[in-house]
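Have a look at the structure below, then the notes.
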Amino acid sequence: MSARAMRVAVVGGGPGGLYAAALLARQGHTVELWERGAPEDTFGFGVVLSDETLGGIERADTVVHTALGAEFVRWDDVDVVHRGRLLTSGGHGFAALGRRRLLEILHERCAGLGVRLRFRSAAPDAFELADAHDLVVAADGVHSPTRERGAAYFRPTVTPGRCRYIWLAADFAFDSFRFEIAETEHGVMQLHAYPYSADASTVIVEMREEVWRAAGFDLCDEDESAARCAKIFGEALRGRPLRGNRSAWTRFRTVVNERWSHGNVVLLGDAAHTAHFSIGSGTKLAVEDALALSEALEDALAEAPDGQRGDVPSALAAYEAARRPAVASTQRAAAASMRWFEELAGYVDQPARQFAFNLLTRSRRVTHDNLRLRDERFTRAVERDFGCPQEADGTGTPPMFTPFTLRGLTLRNRVVVSPMDMYSAREGVPGDFHLVHLGARALGGAGLVMTEMVCVSAEGRITPGCAGLWTAEQAAAWKRIADFVHTSAPGTALGLQLGHSGRKGSTRLMWEGMDEPLPEGNWPLVAASALPYRAGVSAVPRALEAADLAVIRSDFAAAAVRAAECGFDLLELHCAHGYLLSGFLSPLTNHREDAYGGPLENRLRFPLEVFDAVRAVWPEDRPMTVRLSATDWAPGGTTPQEAEAIAAAFAAHGADAVDVSTGQVVAEEAPEYGRSYQTPYADRIRNALGVPVIAVGAISSWDDVNSLLLAGRADLCAVGRPHLYDPHWTLHAAADQGYTGPGAPWPAPYRAGSRKPPTGKG
């Protein structure tokens with residue numbers, strides 16, 4: 001044993017623990033591994049590894065890579081069966097092998113490298129092992145005793161899903177990755193199946209908890225569960241049986257830890273993090289963890305002075321820093337995929353191809369553009385079903401450049417410039433800045449350009465820089481902007497977002513201190529209830545009385561009359577983000593005891609009264625939308641079911657579309673940020689109610705827009721910050737896709753710049 005070699009203990013003999021043991025032994029460390037099961041014991045059947053993971057294995061250990069290569073079953077197709085119709089998408093590329101065979105390969109490799117494997121042996125406590133070892137790798141699974149023992153250090157969160165699932169196997173090989181939906185008398189059930197050898201396939205059956213109970217699976221043992229699942233999916237299985245392997249119905253548990261290591265103890269694989277099986281194998285993540293851990297330790301040893309072993313805690317911190325972003329990305333994709341299957345019943349009425357496209361793009365890792373590269377024929381068929389016109393040269397129109405009609409307004413494309421507060425008005429009057437800001441975005445090609453929230457009164461402003469529409473001077477300024485848009489950017493629609501700040505008013509400009517009260521010149525605040533936005537910081541608003549409500553209704557209606565005279569094409573009522581009308585909707589901000597508080601029906605009353613007052617004076621042929629916060633991102637706030645009910649109520653009162661946002665209702669919110677993170681809420685409302693929706697929230701690429709539209713998750717996509725970065729974002733999206741049709745015409749003075757300039761001699 002060299003002076004630099006370490007004593008390593010590995011707890012857990014799954015693929016992650018075994019591969020970590022092999023890699024560390026290969027570096028010259030003394031490694032012993034504890035596994036409470038026998039060598040042949042395992043659960044599940046097949047595992048899927050990506051080409052990326054295999055590439056890492058090949059670089060780290062060609063012996064293991066060569067052995068795996070001889071075992072893999074590979075396929076390219078994904079089959080989706082929807083109401084008896086089979087749709088196939090190719091070009092996906094999967095590789096799988098039996099879990100037992102994978103373990104055998106890793107056992108052999110560990111034994112050949114001198115790893116001491118202790119089977120049928122419960123490991124000592126990891127923190128006791130830490131006293132006698134330089135490094136302890138806790139690969140002890142989703143129910144990790146090490147994680148629970150060190151919960152104070154790792155700070156884990158374990159969140160169960162809403163579905164039950166069971167791992168089974170069929171003794172024949174599917175020729176693709178197969179998803180099949182069964183609509184039973186008890187509810188929707190789904191099958192996930194893939195081959196892992198020439199004569200066997202993994203079969204996972206999954207369904208919502210309430211469906212599982214209604215079907216009586218909670219009373220079935222392993223054999224009866226396998227037999228019943230085989231009967232339900234008999235056509236997919238060609239009448240063949242299913243078998244188990246210590247198989248039991250369970251709920252998927254998403255594991256997240258704030259830290260993966262403490263001292264010289266590190267969590268690996270499912271002990272540290274889990275990702276739903278519908279986007280791949282937990283084995284893949286664990287193997288990639290082992291690769292990253294071995295690299296971090298090797299780097300630490302290389303940097304240590306001669307004769308020293310390096311700083312293990314620092315190496316573990318470096319491992320986590322390098323690995324966590326990839327794991328977080330995978331977990332976000334897995335969460336989106338898991339939620340999609342949890343909400344599967346809401347999608348089964350979609351047309352077959354759209355359903356298949358929706359399924360394939362559910363995690364947002366596979367997108368429209370990516371899928372077109374994999375299988376252009378399938379993607380073109382989905383586009384045709386969507387209604388994408390064919391251009392004269394035979395190319396298809398990207399989904400984002402197809403028209404969409406709301407009432408008497410037809411938008412030439414599906415891109416909306418989000419309402420974005422500019423805080424640059426004077427006494428509520430929009431000036432040259434607004435003319436240039438909105439005019440530039442209108443010239444930039446979007447189908448609909450929205451103003452910032454325009455306030456209905458001086459007391460309804462958020463900041464002194466907020467624009468308004470309560471005076472003739474303000475109306476004249478807005479008319480100037482509307483006239484410019486309609487004259488200089490013909491075909492672009494201009495929408496007005498109308499609102500009142502409520503308890504979030506009388507604050508500084510955003511860049512001077514967001515949500516911070518003004519140091520002087522404050523105005524009184526009003527709200528549904530006398531609750532400050534930020535306790536101890538924000539001013540306490542006055543709870544509105546009946547007479548106040550009548551005045552505010554009139555303020556909204558008067559502003560709407562002015563908006564119509566200005567020439568706005570669409571009006572949106574702002575009932576989101578904790579402003580006045582949103583404050584009535586959320587149970588966290590409405591504590592009233594009169595007819596406007598309590599149950600949702602009462603909390604809806606005033607926002608609907610305002611909507612009705614505005615709709616009554618807004619021109620009949622012009623559309624009206626409403627913006628909602630579909631979740632408060634806080635316990636006790638608006639539920640998904642309530643969000644649906646709120647959207648349905650506004651639709652029943654004449655809303656032509658629902659602009660689905662989230663949060664900003666209470667200061668103590670905890671949003672789940674990520675790419676397109678708010679779109680599932682728009683998706684749910686659209687597919688539950690059949691009402692057109694505008695999706696918002698970190699939609700940053702034209703590929704995302706196309707994907708959301710084709711999957712039926714949104715009708716329009718609001719894009720904000722990318723339009724601040726590039727006012728011509730929509731036109732550039734058209735150029736990037738080679739589109740030159742009527743959905744994105746370049747203004748005549750700009751046509752010479754419609755081709756992307758070359759960036760170099762090449």
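Computation of the quantities below employed the complete heavy-atom set of this structure, encompassing side-chain atoms and omitting hydrogens, waters and symmetry-equivalent molecules. Remember, it's a predicted structure, so these values are computed and weren't measured experimentally.
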(message) Under a 3.5 Å cutoff, is there a donor and acceptor pairing between the side chains of His92 and Asp375?
(response) no
(message) Please determine whether salt bridge (charged side-chain N to carboxylate O under 4.0 Å, His left out) holds for the pair Arg372 and Glu376, giving the CA-CA distance in whole Å, both sets of side-chain angles, and the decisive distance to 0.1 Å.
(response) CA-CA 4 Å; Arg372 186 171 55 188; Glu376 183 174 11; 6.0 Å; no
(message) Closer than 4.0 angstrom, basic N to acidic O: yes or no for Glu383 and Arg377?
(response) no
(message) Between Glu288 and Lys284, does the salt bridge (charged side-chain N to carboxylate O under 4.0 Å, His left out) criterion hold? Intermediate values first, please.
(response) CA-CA 6 Å; Glu288 290 174 350; Lys284 172 184 179 298; 2.9 Å; yes
(request) Taking all non-hydrogen atoms of both residues into account, name the closest pair between His186 and Ala214 and its distance. (result) ND1-O, 3.3 Å
(request) Assert yes or no for the condition that the ring centre distance of Phe179 to His192 is strictly below 6.0 Å. (result) yes
(request) Show the numbers, then the answer: is there a side chain to side chain contact (heavy atoms under 4.5 Å, CB included) between Tyr19 and Arg109? (result) CA-CA 9 Å; Tyr19 194 50; Arg109 184 58 172 151; over 6 Å; no
(message) What verdict does the side chain to side chain donor-acceptor pair (under 3.5 Å) test give for Tyr347 and Asp683, after you've listed the backbone C-alpha separation in whole Å, the side-chain angles of each residue and the deciding distance to 0.1 Å?
(response) CA-CA 10 Å; Tyr347 300 120; Asp683 181 357; 2.5 Å; yes
(request) Evaluate the criterion side chain to side chain donor-acceptor pair (under 3.5 Å) for residue pair Thr367 and Asp703; output intermediate values, then yes/no. (result) CA-CA 7 Å; Thr367 64; Asp703 194 17; 2.5 Å; yes
(message) I'd like to check Ser89 versus Leu371 (side-chain heavy atoms, cut-off strictly below 4.5 Å). Are they in contact?
(response) yes
(message) Taking the ring centre of each residue, are Phe357 and Phe378 less than 6.0 Å apart?
(response) no
(request) Please indicate whether Glu235 has more than 12 foreign heavy atoms, meaning atoms of other residues, nucleotides or ligands, lying under 6.0 Å from its CD. (result) no
(request) Would you indicate whether Arg243, at its atom CZ, is surrounded by more than 12 heavy atoms from other residues, nucleotides or ligands within a distance under 6.0 Å? (result) yes
(message) I need the minimum non-hydrogen distance between Leu103 and Gly13, along with the two atoms involved.
(response) CD2-O, 3.9 Å
(message) If only side-chain N and O atoms count, and only distance matters, is there a donor-acceptor pair under 3.5 Å linking Arg362 with Asn358?
(response) no
(request) Report yes or no: do Ser707 and Thr361 form a side-chain donor-acceptor pair below 3.5 Å? (result) no
(message) Regarding Arg713 and Asp704, does a basic nitrogen lie under 4.0 Å from an acidic carboxylate oxygen?
(response) no
(request) Decide yes or no on side chain to side chain contact (heavy atoms under 4.5 Å, CB included) for Phe217 and Val211, but give the supporting numbers first. (result) CA-CA 9 Å; Phe217 278 113; Val211 176; over 6 Å; no
(message) Could you go through Asp79 and Ser176, starting from their C-alpha distance and side-chain angles, then the distance that decides it, and tell me whether this counts as side chain to side chain donor-acceptor pair (under 3.5 Å)?
(response) CA-CA 6 Å; Asp79 285 345; Ser176 65; 2.8 Å; yes
(request) Apply side chain to side chain contact (heavy atoms under 4.5 Å, CB included) to Tyr196 and Val73, showing your working. (result) CA-CA 6 Å; Tyr196 66 85; Val73 174; 5.9 Å; no
(request) Kindly indicate, with the supporting measurements, whether the criterion side chain to side chain donor-acceptor pair (under 3.5 Å) is fulfilled by Arg365 and Thr330. (result) CA-CA 9 Å; Arg365 285 197 156 186; Thr330 299; 3.1 Å; yes
(request) Evaluate the criterion side chain to side chain contact (heavy atoms under 4.5 Å, CB included) for residue pair Leu168 and Cys229; output intermediate values, then yes/no. (result) CA-CA 9 Å; Leu168 300 166; Cys229 289; 4.2 Å; yes
(request) May I ask you to decide if the ring planes of His107 and Phe119 are parallel, tilted or perpendicular, using 30° and 60° as cut-offs? (result) perpendicular
(request) Decide yes or no on salt bridge (charged side-chain N to carboxylate O under 4.0 Å, His left out) for Arg118 and Glu35, but give the supporting numbers first. (result) CA-CA 6 Å; Arg118 299 172 178 264; Glu35 168 53 48; over 6 Å; no
(message) Under a 3.5 Å cutoff, is there a donor and acceptor pairing between the side chains of Asp199 and Ser197?
(response) yes
(message) Side chains of Glu148 and His143 only: does a donor on one sit below 3.5 Å from an acceptor on the other?
(response) no
(message) Salt bridge or not between Arg100 and Glu104? Use side-chain N to carboxylate O under 4.0 Å.
(response) no
(request) Just jot down the ring-ring contact (aromatic ring centres under 6.0 Å, His included) partners of His276, sequence neighbours excluded, or say none. (result) Phe252
(message) Under 3.5 Å, is there a donor on one side chain and an acceptor on the other for Ser225 and Trp249?
(response) yes
(message) If you compare all heavy atoms of Ile232 against all heavy atoms of Ala182, which two are closest, and at what distance to 0.1 Å?
(response) CG2-CB, 3.8 Å
(request) For Cys110 and Ala21, work out which heavy atoms get closest and say how close. (result) SG-CB, 4.1 Å
